[in-house]
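One structure is given below, represented as structure tokens, and several questions about it will come after.
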Amino acid sequence: MDKNRELTKEEILKKADTAIGKNFEYYNYSGQHNKGGFGQIIEEELFEYKANSDSGPDFSNANIELKVTPYKENKNGTFSSKERLVLNIINYMKEHNKDFYTSSFWNKNQHLLILFYKYVSGLKKKDFVITHKLLYDYPEEDFEIIKQDWHIIINKIRAGLAHEISEADTLYLAACTKGVNSRSMRKQPFSSILAKQRAYSFKQSYMTQLVRQLLSSKQELEPILTSEELRTNTFEEAINSKLTPYFGKSEAELCSIFNLETKAKSKYALLISRMLKINNNLSHSKEFIMANITPKTIRVEENGKIKEHMSFPAFNYKKIVSTSWIKSNLRNLFETTKFMFIVFQKKDGEYYFEKIKFWNMPLSVLDNQVKETWLRTKEIISSGDIVKSVSAKGIRRTNFPGSRYNHVCHVRPHAINSSDTYKLPVADKKTNANEYTKHCFWLDKDYILEIIG
DNA sequence: GCATGATCATGC
DNA sequence: GCATGATCATGC
């Protein structure tokens with residue numbers, strides 16, 4: 001049976017083609033299998049070999065690794081990958097003394113055959129249909145970034161920081177947690193601290209772009225950097241060196257250099273786009289979309305302080321009370337988003353472009369202070385204890401954790417006005433309101449200041 | 001003066 | 001119409 005793992009590339013692709021348009025019931029899916037079951041079913045029922053946990057690729061002769069993964073259609077008609085694509089588990093004790101080309105990652109995943117099926121909410125699993133196949137070979141400029149990502153992960157292991165690895169450390173190739181639960185802890189070579197078991201993975205944002213290229217005829221995204229630029233510099237170095245000529249210039253100077261007359265606040269991101277010589281907005285560039293990088297402008301005042309805290313999307317009260325911290329939107333946001341802080345410093349009444357800083361939230365802060373704020377918020381909502389007092393003018397004071405709560409993260413309104421609301425799961429005790437002004441989590445300005453140093 | 005609540009502006 | 005980035009207004 002396992003001789004089928006010796007198939008040639010052409011034979012494999014031909015067999016894969018026969019799966020297009022078929023659902024999992026066709027392959028005797030009984031609903032008994034676990035989550036990874038679809039991959040296993042395709043291995044056993046379509047390619048007729050026994051699922052294995054070899055360190056080499058599934059098809060050893062053709063050097064192809066088989067993957068089966070879902071995508072979904074969004075309300076606005078676009079498509080997204082439903083998940084990150086999980087590859088092989090990282091053995092911290094072994095991987096650290098490899099180089100990229102001898103790594104377990106490269107040994108197993110040089111060529112991927114990805115079968116995409118369409119996930120539809122409410123549909124039974126057996127009815128999901130395989131709609132597309134992709135023989136994935138690393139595009140040149142992606143490959144340079146993926147090699148850099150691999151080194152970032154490995155360098156963290158070498159520094160004895162495997163327990164601090166986060167998905168947002170890297171751009172396309174990430175180390176995501178994998179295991180039955182968070183208690184699946186593993187040894188690491190240069191620290192006695194146990195680290196969560198992690199696997200190499202392609203980020204969901206990266207997979208989404210693969211799905212879109214495959215399913216729609218839309219133009220490719222506009223890249224900022226070429227593979228040549230990435231060969232001699234890291235991503236961050238390359239971006240920095242493109243911006244360096246403009247450090248120290250005032251907002252007015254930059255606007256005149258780039259012929260920009262807008263007064264809109266978005267002009268900062270627009271200015272950066274011009275400096276990087278791209279036509280689209282920075283946040284729509286290929287690298288920023290695929291790596292899930294969010295640009296944020298920070299203006300430091302003459303006294304060295306920041307005026308405003310940093311806001312995030314408003315949260316849904318009902319959703320928060322029915323979610324655990326581990327599965328919360330907030331944790332997911334900080335675990336998977338890298339930020340590019342664009343820093344302007346005020347001097348003599350004008351803002352000067354000072355520097356940029358790439359940052360993602362350390363897990364130690366995420367699972368301590370941010371978690372603390374989130375849990376407290378959840379508790380307040382579920383107990384109906386939001387409003388503390390109402391002033392004569394009708395201004396409501398709340399019990400939500402404010403900016404003095406823990407110096408990292410707090411809760412404040414984020415709405416068009418006070419009547420811009422979301423429904424409450426439990427009516428507020430003091431006001432009997434069953435909906436409340438939209439609120440969101442904010443990062444404290446002093447914490448931001450600390451980050452940008 | 002700063003924390004906190006409320007609101008504005010813009011773009012998709 | 002709403003999400004998002006950003007700023008204003010009130011009052012302790």
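Remember, it's a predicted structure, so these values are computed and weren't measured experimentally. The sequence lines fix the lettering, A, B, ..., with proteins before strands; numbering per chain opens at 1.
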Does the B/dG5 base have a donor-acceptor partner in the side chain of A/R396 within less than 3.5 Å?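 Side chain to base: no pair below 3.5 Å.
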
Does C/dT10 have OP1 or OP2 under 4.0 Å away from a side-chain N or O of A/S391? no

Protein-nucleotide distance (A/H414, atom NE2; C/dG5, atom P), rounded to Å: 8 Å

For C/dA3 and A/Y422 - does any side-chain N or O of the residue sit under 4.0 Å from the phosphate oxygens OP1/OP2? yes

A/K307 NZ to C/dA9 P: how many Å, rounded?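 Computing the A/K307:NZ to C/dA9:P distance gives 12 Å.
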
Quick one: does any side-chain atom of A/N23 pair with a main-chain N or O of A/Y26 as donor and acceptor, under 3.5 Å?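 Yes; at least one donor-acceptor contact below 3.5 Å.
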
Among B/dA6, C/dG11, C/dT4, which is the nearest nucleotide to the side chain of A/P313?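 The nucleotide sitting nearest to the side chain is C/dT4.
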
Phosphate OP1/OP2 of C/dG5: any A/S311 side-chain N/O under 4.0 Å: no

At under 4.0 Å between heavy atoms, what does A/K388 touch on the DNA or RNA strands: base, sugar-phosphate, or nothing?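 If one applies the 4.0 Å heavy-atom cut-off, A/K388 turns out to touch nothing in the nucleic acid.
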
May I ask you to check whether A/H163 and A/Q188 show a side-chain donor-acceptor distance below 3.5 Å?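 Side chains of A/H163 and A/Q188: pair found under 3.5 Å.
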
Rounded to whole Å, the CD1-C1' distance (A/I416 to C/dA6) equals 12 Å

A/W442 CH2 to C/dG5 C1', straight-line distance once rounded to whole Å: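 Spelled out: CH2 on A/W442 to C1' on C/dG5 is 9 Å.
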
So is A/K357 actually on top of A/F341's ring, under 6.0 Å and inside 45° of the axis? no

Which nucleotide in B/dT4, C/dA6, B/dA9 has an atom nearest any side-chain atom of A/R412: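 Closest of the options to the side chain of A/R412: B/dT4.
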
Quick note, A/K438 side chain, CB onward, closest among C/dA6, C/dA3, B/dA3 is C/dA3

Shortest side-chain distance from A/A415, nucleotide among B/dT7, B/dA3, C/dA3: B/dT7

Roughly how many Å is it from CG in A/L333 to C1' in C/dT4, rounded to a whole number? 13 Å

Gap between atoms CG and C1', on A/N281 and B/dG11 respectively (whole Å): 10 Å

Check step by step if side-chain contact (heavy atoms from CB on, under 4.5 Å) holds for A/I293 and A/L171. CA-CA 8 Å; A/I293 305 172; A/L171 300 188; 3.9 Å; yes

Using side-chain contact (heavy atoms from CB on, under 4.5 Å), reason through A/I239 and A/F358 one step at a time and then give a plain yes or no. CA-CA 10 Å; A/I239 296 286; A/F358 287 97; 4.2 Å; yes

Separation of A/L449 atom CG from B/dC2 atom C1', in whole Å?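 Going from CG in A/L449 over to C1' in B/dC2 covers 15 Å.
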
If you check every side-chain atom of A/E308, which of B/dC12, C/dC8, B/dA3 has the closest atom? C/dC8

Which of these nucleotides, B/dA3, B/dT7, B/dG5, is closest to any side-chain atom of A/S403? B/dA3

Counting only side-chain nitrogens and oxygens, does A/K445 get under 4.0 Å of the OP1 or OP2 atom of B/dC2? no

Taking CE from A/M310 and P from C/dG5, how many angstroms apart are they, rounded to a whole number? 9 Å

Given DNA chain C, 5'-ward residue of the pair A/R397 and A/P413, judged by closest heavy atom: A/P413

Less than 4.0 angstrom between a side-chain N/O of A/T297 and OP1 or OP2 of C/dA6, yes or no?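 For C/dA6, OP1/OP2 do have a side-chain N/O of A/T297 under 4.0 Å.
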
Nucleotide nearest A/I395 when distance is taken to its side chain, options C/dG5, B/dT7, C/dT10: C/dT10

I'd like to know if the side chain of A/Q369 pairs up with that of A/N406 as donor and acceptor (distance under 3.5 Å, no hydrogens or angles considered). no

Which part of the nucleic acid, if any, lies within contact of A/T437, taking any heavy atom under 4.0 Å across all strands shown: a base, the sugar-phosphate backbone alone, or nothing?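 Since no nucleic acid heavy atom lies under 4.0 Å of A/T437, the category is nothing.
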
